There are 2 protein chains.
Amino acid sequence: MELIQIYQCFCDATRLRIIHLLTQGPLCVCHFQDILEVPQTKVSQHLAYLRKREMVETTRRGTWMIYSLPSKLSPELESNLKCLQDCAQTDKRFRDDLKKLGKVKQGTEWIGETLSQKSTCC
Amino acid sequence: MELIQIYQCFCDATRLRIIHLLTQGPLCVCHFQDILEVPQTKVSQHLAYLRKREMVETTRRGTWMIYSLPSKLSPELESNLKCLQDCAQTDKRFRDDLKKLGKVKQGTEWIGETLSQKSTCC
DNA sequence: CGACTATATTCATGTTGACGGATATACTGG
DNA sequence: CCAGTATATCCGTCAACATGAATATAGTCG
C-alpha cells in the first residue's frame with residue numbers, strides 16, 4: 001500500500017473514525033453504525049472505499065460482515081496507524097468512539113470461534 | 001490544526017512531496033519547481049492550499065517567497081511529520097527529492113541572515 | 001518609470017468524492 | 001420458499017479538488 005493511498009484513506013472524518021476503531025480489532029458493520037451514528041449507506045460506502053484500496057479485509061459470519069485491518073500491515077501503514085492511535089488519544093471524538101466501542105462490545109463476546117450474542121445486534 | 005486537516009494536506013502526491021521537503025527546512029518556490037519538476041502554477045496552487053490551512057508559513061525575501069513549516073507544530077502535526085519522514089526513507093521518489101534538494105541547496109547558502117546566491121535561481 | 005523575474009490568482013474544465021434515497025443482494029430461520 | 005435482517009450497490013446531485021492556460025501582482029534593478 002502506497003503512502004499516498006494511506007493518507008487518502010485517512011482524509012475523511014468518517015473513514016478516519018472507522019480506521020481508528022479497527023485498530024482496536026475487527027468489527028461488524030452494525031457496530032460501526034451504532035458507534036458512529038451515521039446512516040448505514042454512509043458506513044457501507046466508506047467501507048467499500050477502504051476495501052477497494054485494500055485498507056480493510058472482510059469475513060462473512062452469517063449475515064454479518066466483519067471488517068478488519070489487513071493481516072499483514074505494510075511498515076508504512078503500521079507506522080501511520082500507531083501515529084493515529086497516538087494522536088487520537090487527545091481528541092474527544094475518538095475517545096468517545098472508544099468508549100462506545102467498549103459498551104457495544106460488552107453486548108457481544110467471542111468464545112473460541114463463535115460469537116456469543118448478548119445484544120439485539122450482532 | 002485538526003488531525004483530519006493534516007491528512008487532507010497529506011493526501012495529494014505533490015503536496016506530500018512539498019511537505020516532505022519542508023521537513024528538511026525552509027525552501028523557496030523556485031526550488032520546489034526545480035526539485036518537483038512540475039509547472040509553477042501547480043506548485044503555487046498547492047502552496048496556497050497549504051497556506052490556507054496554516055500548514056505552512058511564508059516570508060518574503062526580495063522577490064522570492066520562502067516557505068516553511070509553522071514555527072510551533074501541534075503535537076499531532078509533529079508526530080505525523082516524523083512518521084512521514086520515516087516512511088519516506090523507503091520510497092524512491094522521496095529519496096530522489098532529497099537528493100535533488102541537496103544539489104539545489106549546494107547552489108545557495110545561508111550566511112547569517114543573508115542568502116549568498118551561487119546559482120542562477122534563488 | 002520600465003523591463004524583468006518570481007510568484008499568485010483567476011478561469012474553465014474534468015474528475016473525484018460525499019451523501020441521501022431507493023433498491024438489490026445475501027444469509028437466516030421458519 | 002418466504003419473511004426478515006444485514007449489508008451492498010446504484011443513482012442523482014452537489015461540492016471539492018486538480019490542472020493548465022492566461023493573466024495579474026510584487027519586488028528588483030537599471
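Given the structure is predicted, the values throughout are model-derived calculations rather than measurements. Residue numbers start from 1 in every chain, and the chains themselves are labelled A, B, ... in the order their sequence lines are given, proteins ahead of strands.
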Under a 4.5 Å cut-off applied to non-hydrogen side-chain atoms, are B:D34 and B:H31 in contact? yes
Under 4.5 Å between any side-chain heavy atoms of B:Y67 and B:I18, yes or no? no
SB check A:D96 A:K92 (cutoff 4.0 Å): yes
Rounded to the nearest Å, what distance is computed from the OH atom of residue A:Y7 to the P atom of nucleotide D:dC17? 19 Å
Base, sugar-phosphate or nothing for B:F32? Non-hydrogen atoms, less than 4.0 Å. nothing
Does the side chain of A:V56 reach to within under 4.5 Å of the side chain of A:P70, using non-hydrogen atoms? no
Interatomic spacing from CZ in A:R51 to OG in A:S44 - rounded to 0.5 Å: 7.5 Å
Find out whether A:L3 and B:L84 are in side-chain contact, i.e. whether some heavy atom of one side chain is under 4.5 Å from a heavy atom of the other. yes
Could you check if a side-chain atom of A:I6 sits within less than 4.5 angstrom of a side-chain atom of A:E2, using non-hydrogen atoms only? no
Does OP1 or OP2 of C:dC19 have a side-chain N or O of A:Y49 closer than 4.0 Å? no
Taking only heavy atoms on the protein side, list every residue of residues 37-46 of chain B lying under 4.0 Å from any atom of DNA chain C, sorted numerically. B:Q40, B:T41, B:S44, B:Q45
Given atom CD of B:Q33 and atom P of C:dT7, what is their separation to the nearest angstrom? 7 Å
Any donor-acceptor N or O pair under 3.5 Å, side chains A:Q45, A:T41: no
Gap between atoms CD and C1', on B:Q8 and D:dA18 respectively (whole Å): 15 Å
Axial cation check for A:Y49 ring with A:R53, 6.0 Å and 45° limits: yes
To the nearest Å, give me how far apart CH2 (B:W64) and C1' (C:dA8) are. 18 Å
Ignoring backbone atoms, establish whether B:R61 has a side-chain N or O less than 4.0 Å from OP1 or OP2 of C:dT7. no
Rounded off to whole Å, could you give me the CG-to-P distance for the A:L36 and C:dC19 pair? 12 Å
Rounded to the nearest angstrom, tell me the gap between atom CZ in A:R51 and atom C1' in D:dT9. 10 Å
Starting at the 5' end of DNA chain C and moving along, which residue's nearest nucleotide shows up first, A:R53 or B:T63? B:T63
Rounded to the nearest Å, what distance is computed from the NZ atom of residue A:K52 to the C1' atom of nucleotide C:dA18? 14 Å
Measure from CG on A:L50 to P on D:dA8 and round the result to the nearest Å. 12 Å
Positions of residues 9-20 of chain B (non-hydrogen atom under 4.0 Å from DNA chain D), listed by number: B:D12, B:R15
Output yes when at least one side-chain N/O atom of B:R60 is less than 4.0 Å from OP1 or OP2 of D:dT25, else no. no
